[in-house]
Structure formats: structure tokens, C-alpha cells
Q: 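Below is a structure I'd like to ask you about.
Just so it is clear: chains get the letters A, B, ... in the order the sequence lines come, proteins before strands, and each one is counted from 1. Both backbone and side-chain heavy atoms feed into the values below; hydrogens, waters and symmetry mates do not.
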Amino acid sequence: MQTIAATRPAESSVRQTNTVPLRVSNVSKTYLKGTFKSLDNVSFDLHANEITAFVGPSGCGKTTMLRIIAGLEYPSNGGVEAFGKPVRGPGPDRGMIFQAYTSFPWLSAVQNVEYGMRVLGVPKAERQERARDFLKLVHLERFADAYPKSMSGGMKQRVALARTLSQNPNILLMDEPFGALDAQVRWEMQELMIELIEREQKTVVAITHDIEEAIYLADRIIFFTRQPGQIKADISLDFKMGKRYRQKEDLIALPGYGELERRLFAMMREEIKRAD
Amino acid sequence: MMRNIDPHALQGQGAAVSRNPEIQGAPFVLPKERFLELRLQPTASKSVVLGVLGCLLFLGLWEIAHYATPESSRKFMPPVSDVVTALYTLFAERNFLHDVMISCYRVFASFAMASLVAVPLGIVMGCFGNLKALLNPILSGWRYLPAASFIPLLLVWFGPTDSAKIALLFIGVMFFLLTLVLDNTLAVPKEFVEASLTMGASRQEVVRNVVVPAAMPAIFDSMRNMIAVGWTYLVIAEIVGAQDGIGAVMMRAGRFLNVDVIMAAILTIGILGVATDLLFRAAQRFLFPWSIERR
Ligand SMILES: Nc1ncnc2c1ncn2[C@@H]1O[C@H](COP(=O)(O)OP(=O)(O)OP(=O)(O)O)[C@@H](O)[C@H]1O
Ligand SMILES: [Mg+2]
């Protein structure tokens with residue numbers, strides 16, 4: 001598959017030598033001087049080119065886990081390794097899409113996309129050309145010179161996505177990226193995600209509240225328990241038989257879909273009921 | 001199942017058929033507009049008309065105040081026409097333009113210096129918590145010291161010079177502006193900073209190319225508000241030992257009870273203040289067209 005992203009030589013050589021894109025080992029996180037436990041001894045490996053969804057009740061520590069992976073927060077115990085290197089802070093090898101719109105309002109769409117590449121030191125002519133390619137990838141080529149002010153939420157989110165993808169991160173982290181969007185736009189964005197990931201071959205972690213979204217996007221679902229967050233279940237979505245389906249209706253028609261959805265809903269109910 | 005609804009079928013149902021012509025498709029008659037309509041945004045031309053009307057109302061009240069004043073003390077409450085004449089005489093015969101220019105210079109020079117200190121300092125204090133903790137307690141205390149109380153000190157240090165006046169204006173503006181810029185910087189969404197960091201930006205890159213552009217429209221607003229304060233301090237600065245400037249003209253006029261001249265000078269400051277404000281607003285629209293319109 002053809003990737004159009006800028007390749008950073010150092011990273012691509014690492015990619016071949018170490019196949020575990022991300023390892024989370026015994027991560028715990030406490031707040032309020034250790035009195036509040038947000039994550040409790042969480043360990044897992046991400047598999048290359050797989051989409052992993054974090055699912056769990058509200059407040060179970062999904063965002064905390066993702067931010068620790070991104071390097072925006074530090075664990076209290078344990079650690080995270082990206083391609084064998086300990087994570088000590090944020091970096092462009094782990095791109096992040098936030099729930100809040102982060103496309104910069106003072107830059108046009110194309111300048112926003114260029115920003116990511118400029119930070120990496122891509123020469124001007126090259127990044128200008130590539131920025132247009134990436135806008136095309138998220139179907140925004142007609143809005144290259146528009147400012148976020150005049151864009152809908154979905155468009156702003158696509159600008160942010162193009163900006164992050166243009167950096168060619170090894171891992172794409174997304175915290176409820178479509179949470180603020182209405183149902184139809186959300187649906188379009190989900191399809192776009194499948195399309196993009198098929199094309200760019202990325203290791204992805206996406207947080208979602210939405211069980212249907214998780215089943216649609218993910219190859220694997222890590223289900224967290226209610227606070228303090230532990231891994232309740234690590235589910236491989238084998239019923240997809242290694243394929244990704246762009247059209248939701250095709251996915252729903254597969255044997256095993258209903259069974260999985262039922263199971264996830266039951267798990268969610270169980271966790272919510274665990275309230276004291 | 002979807003049904004096609006025949007609009008005529010509906011008319012036959014329920015109560016009597018409406019006689020309202022609109023229901024038959026005639027142009028909709030808008031409800032009568034009320035003067036106190038909630039959240040109504042008048043058109044540009046109507047805003048101008050209303051604004052002029054407001055000014056005329058004020059001038060009318062002023063005239064009434066003149067005639068309502070007892071004959072004996074009426075010269076202390078001159079009519080509008082006297083003030084306008086005084087203003088004309090000031091410019092035509094007493095080289096008032098020179099005083100206006102001097103005052104403008106004092107306001108703008110002190111404001112430029114205050115901004116040069118307050119804006120960068122406020123931004124770095126907003127970016128780096130340790131700097132804020134180090135400097136904010138001592139700097140924010142200054143805001144509570146009345147600028148006028150520095151006059152004797154400044155006169156001792158600088159004498160009755162331009163520097164003394166500019167220093168006073170500087171003190172009056174800088175510490176407030178600093179606090180505002182600090183708040184504007186702290187108000188930058190943390191997601192912008194974090195997004196930039198996850199893209200691999202250095203601290204310098206984040207400050208220069210994310211925090212500064214993100215905070216700039218709000219900082220500009222703060223500057224616009226603080227230059228107004230600069231104009232209000234002007235007179236305080238100029239009534240003490242000044243030979244020239246609008247404030248000095250006013251003080252001299254006061255000694256001779258020339259109320260019309262005092263009023264003309266006040267009017268001049270008001271006009272200059274409004275002009276500065278408009279200038280800032282225009283610059284803002286030009287510099288930050290991307291920033292969301294505030295109401
Ligand atoms: N800086 C902080 N200080 C104190 N407590 C915090 C902090 N950040 C998060 N928490 C707490 O840690 C817990 C986990 O938060 P987190 O945001 O990771 O949950 P989440 O699973 O992402 O929830 P949601 O689905 O609602 O987004 C919550 O109970 C939250 O209140
Ligand atoms: Mg969250």
C-alpha cells in the first residue's frame with residue numbers, strides 16, 4: 001500500500017528492528033497525593049498496524065492512559081516504551097487527536113497541516129505540496145485556504161487529523177475524536193478513519209464511549225473496569241476475520257457481531273452497577 | 001410507510017378555514033418592530049443614526065443645564081456654542097495643536113513602553129508557572145498603589161520634565177496591562193499547547209507560534225482598554241508643573257475661571273480617546289480576521 005506521508009529516516013529504521021510499537025508495563029496512576037487511584041497496574045502491548053479501542057465507563061482512566069502514552073502525563077508507577085525506547089515526554093512518533101478542536105484558528109487549513117511538518121523541519125516547498133495532498137486525503141482540498149472559524153466541527157477535526165497524519169506518526173492516539181460531532185458527521189468520520197488507516201497503515205488507539213463505534217473501528221478492544229482502571233477484558237475482534245469493513249451494514253451482517261455487541265453491553269452494565 | 005399529505009385536505013379539517021391571507025401564500029407580514037427588542041442588532045446605518053441621536057440628546061441636556069443655571073453663575077456652565085467657539089479659538093489663535101501633539105506623544109510613548117514591558121513579560125509569566133510564582137506577587141501589588149502618589153517622587157527624580165510625565169503614565173498603565181496579558185495568556189486552551197507538544201514542538205516553538213498567536217487578539221483587546229486608562233492619567237500627569245499639553249492648558253484656564261476652555265479641552269481628550277479606540281479596533285480587524293467576532 002502506498003503511503004504519502006513524510007518519512008523520517010530515523011523512525012523508519014527503528015520500525016523494522018522492533019516490532020512492538022508500544023508496551024505498557026504495570027502502569028498505575030494516582031492523584032491527590034496518592035489518595036485517588038485512577039489506573040491500577042495496567043499492562044498491555046499494542047500490535048503493529050492494529051486499531052485498539054479503549055472502552056469503559058466514564059472516569060475509569062481511559063484518558064489518563066492515553067495521555068501517559070502520549071507523554072503528556074507521567075505514570076506514578078510502571079512505564080511505557082515506544083519501539084523499545086522509554087517514553088519520557090510527548091513526541092511526533094505518537095500523534096494525538098484531541099476531543100476538543102485543536103486546529104489552530106489563526107492558520108488556514110493548509111497552513112495548519114503545514115505546521116506539523118514545519119515543526120519536523122520539512123522544507124517549505126515540500127510541505128506546501130504535501131499539505132495539499134493530506135487535505136485531499138481528508139476530503140478538504142476545496143477548503144485549503146479556509147480558516148477554522150468558517151468550518152464545521154467535523155471539518156476542524158479533519159484538519160487536525162490531516163495535520164497529525166502528515167507527520168507520519170508510528171502510533172495515532174485519539175481521545176473520543178468524534179465525541180463532539182453529531183450522529184451523521186460522526187458516521188462519516190468513522191468511515192473516513194477506516195479509509196485512512198487502510199491507506200496509511202497505522203497503529204491506532206481510539207478511546208470511545210460508543211460500543212458500536214468501538215466494534216466498527218477496532219481490531220481489538222481493551223475494556224477497562226470502573227475506577228480504579230484495570231483491564232477487565234482484552235478482546236480480539238476475530239469475527240471480522242482480519243478484514244476492515246467500510247460499510248457498517250456489512251459488518252452488522254457478519255455472524256458474531258450481535259454476540260459481541262451483547263457481550264460488551266453486558267460488561268458495561270456490570271461496571272456501571274459496581275457503583276458504591 | 002410515508003404518506004403524501006395533501007395541503008388542501010388539511011384546510012378542510014378542524015375549525016373554520018382561516019381568512020388570513022398569509023395562509024394562502026401572501027407575503028408574511030413581519031410583526032411590528034419594538035424599540036426595546038431583546039438582543040436586536042440594529043443595521044449599521046441605524047446604529048449611526050441612533051449614535052448621532054444620543055450625542056444630540058447629550059448636547060440638548062447641556063444646553064438645558066446652561067439655561068437652568070441661575071443668571072449669576074451662568075458663566076460657569078457655558079452653552080455648547082461657547083465651548084465650540086473656545087475650541088476653535090484654541091486651535092486658531094493659541095496653537096492648541098502643539099499641546100494636543102505633545103499630549104498624544106506622552107500617551108503613545110508611555111503606552112508603547114508599557115506594552116513593550118507588559119506584553120512579553122505577561123506572556124512568559126503565563127507560559128511558565130515558576131516565573132509567574134516568582135514575579136506575580138510583587139508585580140501585582142503595584143496595581144494597588146495609586147499612580148498619582150508617585151508624582152512627588154517622580155518630580156524629585158526627573159524634575160518637571162517630559163520623562164516624569166511619561167513615567168507616571170507608564171506606572172499607571174504597565175502593571176494593569178501586565179495582569180491582563182497574563183490572564184489572556186493563561187486563557188489559551190491547553191489543548192493547543194498539548195497538540196503542539198505532541199507534534200514535537202520545542203518550548204520556544206510553542207510559545208512563539210502557538211501561545212502568542214492564540215492569545216494575541218485578547219491581548220490587543222487589553223491594550224485597547226488600557227490605552228483608554230492612559231488618556232485618563234494624562235491630565236493628572238500634566239497638571240503638575242507642565243508648560244504644555246492639554247492638561248496644562250486646562251490648569252491655566254482654570255486659574256482664570258475660563259470654564260469654556262476647560263470644557264473644550266475635556267472634549268478634545270474625549271475625541272482623541274474615541275479616535276484611539278477606533279484605530280485599535282480597525283487594526284484588530286486587519287490583524288486578526290480569523291478571531292471570532294465578539295459582541
Ligand atoms: N489532574 C487530575 N487530578 C485529579 N484527578 C484526576 C485528574 N485527572 C483525572 N483525574 C481523575 O481520574 C479519573 C480518570 O479520569 P479520566 O479522564 O482518565 O477518565 P476517562 O475514562 O477518560 O473518563 P471519560 O470517559 O469521562 O472521559 C477520574 O475519576 C478523574 O476525576
Ligand atoms: Mg476521557
Q: What heavy-atom pair brings B:W290 and A:P105 nearest, and what distance separates the two atoms?
A: CB-O, 3.2 Å
Q: Apply side-chain contact (heavy atoms from CB on, under 4.5 Å) to residues A:F98 and B:K190 and explain how you reach the verdict.
A: CA-CA 11 Å; A:F98 297 78; B:K190 86 172 198 301; over 6 Å; no
Q: Which heavy-atom pair separates B:A214 from A:W106 by the least distance, and what is that distance?
A: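 In terms of heavy atoms, the two residues are closest at CB-CZ3, 3.4 Å.
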Q: Is it the case that over 12 heavy atoms from other parts of the model lie below 6.0 angstrom from the CG atom of B:N20?
A: yes
Q: If every non-hydrogen atom of B:M199 is compared with every non-hydrogen atom of A:L120, which pair is closest and at what distance?
A: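 In this case the closest contact between B:M199 and A:L120 is O-CD2, 4.0 Å.
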Q: For A:S150, is it the side chain, the backbone, both, or neither that has a heavy atom closer than 4.5 Å to a heavy atom of chain B?
A: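 Looking at A:S150, nothing touches chain B.
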Q: So with a 6.0 Å cut-off around CZ of B:F128, is the heavy-atom count from everything else above 12?
A: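 Yes, enclosed.
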Q: Tell me the closest heavy-atom pair linking B:T198 and A:A70, and the distance in Å.
A: CG2-CB, 4.5 Å
Q: Hey, is CD on A:E129 packed in by over 12 heavy atoms from elsewhere, all under 6.0 Å?
A: no
Q: Assess whether atom CG of B:L56 is packed by more than 12 heavy atoms of other residues, nucleotides or ligands within 6.0 Å.
A: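 Yes, because the 6.0 Å sphere around CG of B:L56 holds more than 12 heavy atoms from other groups.
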Q: Could you walk me through whether B:V210 and A:Y115 pass side-chain contact (heavy atoms from CB on, under 4.5 Å), step by step?
A: CA-CA 10 Å; B:V210 177; A:Y115 177 89; 3.3 Å; yes
Q: Over all heavy atoms of both residues, which pair between B:G200 and A:P92 is shortest? Give the atoms and the distance, please.
A: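 Scanning both residues, the minimum pair turns out to be CA-CD, 3.6 Å.
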Q: At their closest point, which heavy atom of B:L197 faces which heavy atom of A:P90, and how far apart are they?
A: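 Heavy atoms only, the tightest pair is O-CB, 3.6 Å.
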Q: Can you tell me if A:R23 has over 12 outside heavy atoms packed within less than 6.0 Å of its CZ?
A: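 Atom CZ in A:R23 is not packed in, count stays at 12 or less.
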Q: Quick check on A:Y101 against chain B: is it the side chain, the backbone, both or neither that has a heavy atom closer than 4.5 Å?
A: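 Backbone only.
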